[in-house]
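I have placed the structure first, in the form of structure tokens, so that the comments after it can refer back to it.
The shown structure was predicted, so the numbers you read here are calculated from the model rather than taken from an experiment. We name chains A, B, ... by the order of the sequence lines, and we start the count at 1 in each one. Quick note: numbers below take in every heavy atom, side chains included, and nothing from hydrogens, waters or symmetry partners.
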Protein chains: 2
Amino acid sequence: MDTASPATSSSALVDETAAAIRARIMSGEIPIGAQLRQAELAKTLGVSRTPVREALRQLQTGGLIEVVPNRGAVVRVPAPWEVREAYEVRAELEGLACVRAVRRITRDGLGELRATNELLRPGDAPPNAASHAANDRFHTLIHEIAGNERLARVIREINEAFPRNVSALVLQEHPRHRDDNFAEHERILAALQTEDPDLVRREMQSHVISAGEQLARWYERRSATVFRG
Amino acid sequence: MDTASPATSSSALVDETAAAIRARIMSGEIPIGAQLRQAELAKTLGVSRTPVREALRQLQTGGLIEVVPNRGAVVRVPAPWEVREAYEVRAELEGLACVRAVRRITRDGLGELRATNELLRPGDAPPNAASHAANDRFHTLIHEIAGNERLARVIREINEAFPRNVSALVLQEHPRHRDDNFAEHERILAALQTEDPDLVRREMQSHVISAGEQLARWYERRSATVFRG
DNA sequence: CTTCCCAAAATTGGATCCAAGAAGATTTGC
DNA sequence: GCAAATCTTCTTGGATCCAATTTTGGGAAG
């Protein structure tokens with residue numbers, strides 16, 4: 001899609017390696033706090049240590065992993081307050097995206113948003129990979145409509161800074177969270193239709209804050225249980 | 001200052017190398033659009049190509065340079081619309097920082113802000129390195145008062161994404177810009193004293209937008225003259 | 001004179017090598 | 001028997017090596 005996009009392409013192998021490692025962290029295959037040994041990753045991914053090292057450097061810049069000088073890389077263990085900080089920022093940015101989207105959205109765009117959220121309607125089927133993708137899609141659609149690449153990029157970077165993101169968790173934990181998520185999306189859709197920028201902003205902000213709060217609570221529970229097995 | 005900060009320390013050499021390259025780009029010693037040859041950088045900085053490559057990878061992730069697969073790295077040439085996009089995002093974030101700062105600022109903090117801006121008062125002396133530092137300090141002080149590390153980090157990343165930033169330019173171009181910059185800071189200080197969050201937010205947002213507009217215009221003029229210069 | 005093609009030089013990218021540092025095990029001293 | 005020091009092993013970090021791709025310069029053909 002992007003012809004003149006500011007996306008820096010870099011080397012194919014390094015990017016693939018970074019994406020592979022990130023995917024394994026995001027999926028939980030590599031757990032939070034785990035050590036990332038370069039030789040092991042290189043062997044698993046079928047490359048040498050060089051691209052692995054550069055990939056780790058990329059992930060480190062994004063904040064997903066932490067590299068201590070002579071002791072290697074570990075998957076970062078975010079503190080709940082870090083999640084709340086990040087999601088306060090994200091809420092502000094998603095709010096801005098909504099304000100921009102109100103001015104730019106078309107009938108087709110609104111329809112696509114509605115269709116996407118229908119995939120999240122509770123009761124149909126248990127959450128699966130498709131619903132996670134739909135949840136992501138709902139937000140990225142708004143970012144596309146907002147038409148500010150930097151804005152979309154910053155939000156994506158915040159989302160990718162934590163080894164578990166909202167889409168992967170909120171839909172699985174409590175069924176209640178799933179219902180809330182759907183309902184909040186519906187409120188955003190309704191607000192978009194009123195074309196009231198402030199209303200859309202508030203709806204989106206409260207949605208993001210509550211999602212972030214759930215993610216922060218998940219980390220709190222995790223840190224409480226990780227010591228007793 | 002940061003003891004438990006989420007700053008990933010990484011390797012010393014690579015970080016120093018990245019900082020050195022970034023400094024040379026920011027200062028203009030390495031011009032916009034210039035090729036960055038690994039061997040040359042390695043020789044200049046007195047290290048081997050390995051840390052240079054990892055440093056370039058870091059800078060690439062930040063968006064300051066662009067790496068095309070088998071053709072090396074160049075200092076990115078930002079389009080004016082990219083600057084405007086980024087500064088719309090930055091304005092929103094600096095606005096959020098102000099809203100948070102209003103609730104948290106102390107008498108001492110306000111005094112430090114005032115003192116910092118006094119260094120920018122026009123008429124005293126021509127802009128120098130100290131005034132650039134003071135301009136940066138005025139904003140980072142607010143970020144510190146705001147007390148959200150992620151917020152400060154995202155703003156810093158946006159600021160470092162362009163090979164020329166506002167502090168380095170606005171103070172040097174037109175004397176009028178310098179006056180405006182000082183006056184806008186004074187308005188922000190006054191707004192902070194009123195403790196009206198919305199007012200402070202508006203003042204800061206319009207300040208950042210106008211600064212970004214000046215930066216964008218600088219890039220426009222640059223792209224207009226680069227072909228006949 | 002321009003354009004296309006081919007070859008040589010230069011540069012990047014991946015792999016390997018070696019040193020330096022840290023963690024862990026073993027041994028030694030008390 | 002316990003603690004401290006040392007030695008071994010493992011892992012990272014930097015340097016070097018080699019292959020692959022790009023670029024550039026020269027030459028030949030149109």
Side-chain angles (χ1 to χ4, degrees), chain A residues 3 6-25 29-77 227, chain B residues 6-25 29-77:
Chain A
T3 53
T8 53
S9 69
S10 164
S11 155
L13 232 193
V14 175
D15 282 345
E16 286 171 21
T17 306
I21 298 175
R22 166 176 284 133
R24 282 161 197 246
I25 293 174
E29 181 182 344
I30 300 178
I32 296 170
Q35 287 262 347
L36 298 165
R37 282 185 216 80
Q38 298 174 0
E40 185 183 336
L41 288 172
K43 193 183 173 195
T44 304
L45 302 174
V47 296
S48 98
R49 273 181 57 210
T50 308
V52 170
R53 278 170 64 176
E54 297 190 23
L56 290 179
R57 190 70 62 186
Q58 256 180 236
L59 297 180
Q60 179 225 349
T61 305
L64 187 61
I65 70 176
E66 188 167 9
V67 180
V68 295
N70 269 316
R71 290 165 50 184
V74 297
V75 182
R76 271 205 87 220
V77 184
F227 292 114
Chain B
T8 53
S9 69
S10 164
S11 156
L13 232 193
V14 175
D15 283 346
E16 287 171 21
T17 306
I21 298 175
R22 165 175 288 131
R24 282 162 197 245
I25 293 174
E29 180 181 344
I30 300 177
I32 297 170
Q35 288 262 347
L36 299 164
R37 283 186 216 81
Q38 298 174 1
E40 184 183 337
L41 288 172
K43 193 184 173 195
T44 303
L45 302 174
V47 296
S48 100
R49 271 182 58 211
T50 309
V52 169
R53 277 171 66 176
E54 297 189 25
L56 291 178
R57 191 69 65 185
Q58 257 181 234
L59 298 178
Q60 178 225 351
T61 306
L64 187 62
I65 69 175
E66 189 166 8
V67 180
V68 295
N70 269 314
R71 290 166 49 185
V74 297
V75 181
R76 274 205 84 221
V77 184

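Distance from the side chain of A:Val67 is smallest for D:dG13 among the nucleotides D:dG13, D:dT11, C:dG14.
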task = Apply the test side chain to side chain contact (heavy atoms under 4.5 Å, CB included) to residues B:Gln58 and A:Gln60: give CA-CA distance (whole Å), side-chain angles for both, the deciding distance (0.1 Å), then the verdict.
result = CA-CA 9 Å; B:Gln58 257 181 234; A:Gln60 179 225 349; 4.1 Å; yes
request  = Show the numbers, then the answer: is there a side chain to side chain contact (heavy atoms under 4.5 Å, CB included) between A:Ile65 and A:Arg76?
outcome  = CA-CA 5 Å; A:Ile65 70 176; A:Arg76 271 205 87 220; 5.5 Å; no
What N/O pairs connect the protein and nucleotides 22-25 of chain C at under 3.5 Å? Give each pair on its own line.
| unit_1 | atom_1 | unit_2 | atom_2 | d |
| --- | --- | --- | --- | --- |
| C:dA23 | OP1 | A:Arg71 | NE | 2.8 |
| C:dA23 | OP1 | A:Arg71 | NH1 | 3.4 |

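Here the side chains of A:Val47 and A:Glu16 are not in contact, with every heavy-atom distance at 4.5 Å or above.
B:Asp15 places its CG atom 11 Å from the P atom of D:dG13, with the value rounded to the nearest Å. Here the P atom of nucleotide D:dT22 and the CD atom of B:Gln35 are 14 Å apart, to the nearest Å. Computed from coordinates, the A:Lys43 NZ to C:dT16 C1' distance equals 17 Å when rounded to whole Å.
For residues 45-57 of chain B, every residue pair satisfying the salt bridge (Lys or Arg N to Asp or Glu O under 4.0 Å) rule, not counting sequence neighbours, is listed here: A:Arg53-B:Glu54, A:Glu54-B:Arg53, A:Glu54-B:Arg57, A:Arg57-B:Glu54.
Taking every heavy atom of residues 48-56 of chain A and every atom of DNA chain D, pairs under 4.0 Å involve A:Arg49, A:Arg53, by number.
Among all heavy-atom pairs drawn from B:Gly33 and B:Val77, the shortest one is CA-CG2, 3.7 Å.
When B:Leu36, B:Thr61, B:Thr17 are each tested for a side chain to side chain contact (heavy atoms under 4.5 Å, CB included) with B:Leu56, only one passes: B:Leu36.
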